[in-house]
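The analysis underlying the following values was restricted to heavy atoms, covering all of them including side chains, and did not include hydrogens, waters or symmetry mates.
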Amino acid sequence: MVNSSRREFLADVGKGMLIASLGTAMSYELGISPALADEGSDALNFGKLEPLVAAMQETPLNKLLPLLIEKIAAGSDLRTLIAAGALANARSFGGQDYTGYHALMALAPAYEMSKELPDPQRALPVLKVLYRNSQRIQQNGGRKNEVLHAFHDDETPAGTVNGETLREATRKGDMKAAERELAAMVKGPVGEAFNHMQFAIQDEVDVHRVVLAWRSYALLDLAGPEQAFTLLRQSVRYCVETENSMKNNKRSPSGIRVLLPKLLDQYKLLEKTPGDRKLDDAMAVSLSEIVYGPNRDKAADAVAAALAEGFAPAALGEVLSLAANQLVMRDPGRQKADVGKPVGSVHGASVGVHASDSANAWQHIARVSNPRNTFASLIVGAYHTAGQSGGLNKASYPLAENLEKIESKDAAVLLRDTEDAVKQKDQARACALVHRYGELGHPERALCDVMLKFAVSEDGALHAEKYYRTTTEEFATTRAVFRWRHLAALARVTASEYGFPAAGYEEARALLKV
């Protein structure tokens, strides 16, 4: 080391040997930084966060939560824990493990959920998701099987680096070229790099493609913009892997690749700036029925036309969420049982939950993007949401026969009955009770507290945190006449997922004494 004295150098060598013999997790517990162990290697190193990141990858699960709670007691905040968990996940999986990227996508929602809880319980959702995160990392072999390594490439991309060149690299299935393009982009403003990345994200309709992109970007608020390449790199790798999978399995690309540029040109959207016209209630319903419907091209065209007429992007985003909500409300439930998902269930990777999380992500991306990507994200979001209603029920929850059975108008009684319906796994009754509660004008916070409790305690087949956050965000941005649809859908999904407690939850409760 250039600036070390011989004594310091020997001390560092000794420290490195000690780390090698103890393992990173034990070294962390003893307060010895493992950063030196990675010098000169291809391992990613996260500076002052490195000890905590490594601990999340290597600490045995039976010691993980006590260690994290000790750190909280010593002054580590939940933001830091989430940031370290995200970096541990990214380094371990690189966006290429199903359970892994689901854990990553749950991190920011868990942090937001923590803000809604009283102080003694605040760490619960964060600890729950970090436990799941580390559990999957260790199932996958821990640090010895890391996917992401330091990116060493002396070649610079030829010519201009932009969304089109990145998309060309992903379409070719060229991982190194795609990463090289992104690496060049993140040397500039991170928001601009994210805008360029959208050309690849918009190339296919896939819930994980869009939600991973949004949640990775959102995590930069916690991990810091200096981690942009590590976190956004996951999405680029996901896109490349998907492209190669399509080629290997001889699957045709999505029709959106042809339709999106056609609609942008047909409606001259590249020459326009987003408008601010409002949709009236009837127009919002009419458009949402088109987006809910079977024809993806028609849905995309309808949203493109509305954008060209100057209707506000937020209004069109509301349309996407209302259409996705109907995919939850008309879902007949699983026809065949799966692990943690019995017959009749609608939680986890169901058509409605996936559609709602996707629509939510497309809206967020539209909000933070330049005009081109604002328009494109909503058009692709409409195409993505449509075409999934085949085989669903004609009648939408809440059903009339369930509403007729609700006699009380008292808020406390309705909340008590809602919690009981969830515990009875009675989706229809839970949905009807929440609908009536909202119809009577009772405050949403008390109802959200009931749903939040279960979103924290239950596994939700990897979706509890994301879907809670999706529905509460949509409630906050949807007009009053429609907004309770989202919390009614949350009640239905919560009743479906009840009875499958999350791993690590009870241990965290016991350790926190809550």
Side chain to side chain, Q202 and N373, heavy atoms closer than 4.5 Å: yes

Restricting to ring-ring contact (aromatic ring centres under 6.0 Å, His included), what partner residues turn up for Y101, sequence neighbours left out? Y98, H208, Y238

Without swapping roles, check the side chain of H196 against the backbone of L182 for a donor-acceptor pair under 3.5 Å. no

Side chain to side chain, L263 and V303, heavy atoms closer than 4.5 Å: no

Donor on one side chain, acceptor on other, Q139 and R136, under 3.5 Å: yes

A432 backbone acceptor or donor facing N402 side chain under 3.5 Å: no

Output yes when a side-chain donor or acceptor of R209 lies under 3.5 Å from a complementary backbone atom of A200, and no otherwise. yes

Please confirm whether H442 and Y437 have ring centers closer than 6.0 angstrom. yes

Quick one: closest heavy-atom pair of E497 and E458, and the distance? O-OE1, 3.7 Å

Can you give me the closest heavy-atom contact between G173 and K247, atom names plus distance? N-NZ, 3.9 Å

Do the side chains of T99 and F93 get nearer than 4.5 Å, heavy atoms only? no

Taking only residues two or more places apart in sequence or in another chain, which ones pass ring-ring contact (aromatic ring centres under 6.0 Å, His included) with F311? none

Do the non-hydrogen side-chain atoms of T472 and C448 ever get within less than 4.5 Å of each other? yes

Report yes if the side chains of M197 and M185 come closer than 4.5 Å at any heavy-atom pair, otherwise no. no

Starting at CG of N325, measure out to OG of S288 and round the result to the nearest 0.5 Å. 9.0 Å

Rounded to the nearest 0.5 Å, what separation is found between the CG atom of L78 and the CG atom of L130? 9.0 Å

Any side-chain donor-acceptor pair under 3.5 Å between Y267 and D301? yes

Under 3.5 Å, is there a donor-acceptor pair between the side chain of K298 and the main chain of I290? no

Heavy atoms from other residues, nucleotides or ligands near NZ of K115 exceed 12 (cutoff 6.0 Å): yes

With no hydrogens and no angle check, just 3.5 Å: does a side-chain donor-acceptor pair link E473 and H364? yes

Non-hydrogen atoms of M329 and A488 that approach each other most closely: CE-CB, 3.6 Å

Salt bridge E179-K176, side-chain N to carboxylate O under 4.0 Å: no

Atom pair CG/CG of D265 and L260 - distance to nearest 0.5 Å: 11.0 Å

Can you check whether E164's main-chain N or O pairs, donor with acceptor, with N162's side chain at less than 3.5 Å? yes

Main chain of G100, side chain of N89: is a donor-acceptor contact present, judged purely on distance under 3.5 Å? yes

Should L452 and V456 count as side-chain neighbours, where that means a heavy-atom distance under 4.5 Å? yes

Within the distance-only criterion (no hydrogens, no angle test), does the side chain of T170 pair as donor or acceptor with the backbone N or O of V240 below 3.5 angstrom? no

Quick one: does Q198's side chain have a donor or acceptor within less than 3.5 Å of a partner on A376's backbone? no

For the salt bridge (charged side-chain N to carboxylate O under 4.0 Å, His left out) test, which of R436, K405, R429 pairs with D417? R429

For residues 249-264, which residue pairs pass the side chain to side chain donor-acceptor pair (under 3.5 Å) check, not counting sequence neighbours? D203-R257, E204-R257, E243-R257, S245-N249, S245-R251

With R492 as the cation and Y397 as the aromatic partner, state whether NZ or CZ is under 6.0 Å from the six-membered ring centre and within 45° of the axis. yes

Quick one: does Q326's side chain have a donor or acceptor within less than 3.5 Å of a partner on S396's backbone? no

I'd like to know if K453 pairs up with D449 as an ion pair, taking the criterion as any Lys NZ or Arg NE/NH1/NH2 lying under 4.0 Å from an Asp or Glu carboxylate oxygen. no

In this structure, CG of L148 is separated from CZ of R237 (nearest 0.5 Å) by 5.5 Å

CG on L378 to CD on Q363, rounded to 0.5 Å: 7.5 Å

Charged N to carboxylate O under 4.0 angstrom, E419 versus K423? yes

Where the side chain of R330 meets the backbone of S389, is there a donor-acceptor pair that is under 3.5 Å apart? no

Between W214 and V368, is any pair of side-chain heavy atoms under 4.5 Å apart? yes

Should E465 and K128 be marked as a salt bridge (Lys or Arg N to Asp or Glu O under 4.0 Å) after you check the CA-CA gap, both sets of side-chain angles, and the distance that decides it? CA-CA 10 Å; E465 301 80 20; K128 164 199 175 183; 2.5 Å; yes

OH (Y468) and CD (E116) are apart, to the nearest 0.5 Å, by 3.5 Å

R334 side chain near H347 side chain, heavy-atom distance below 4.5 Å: no

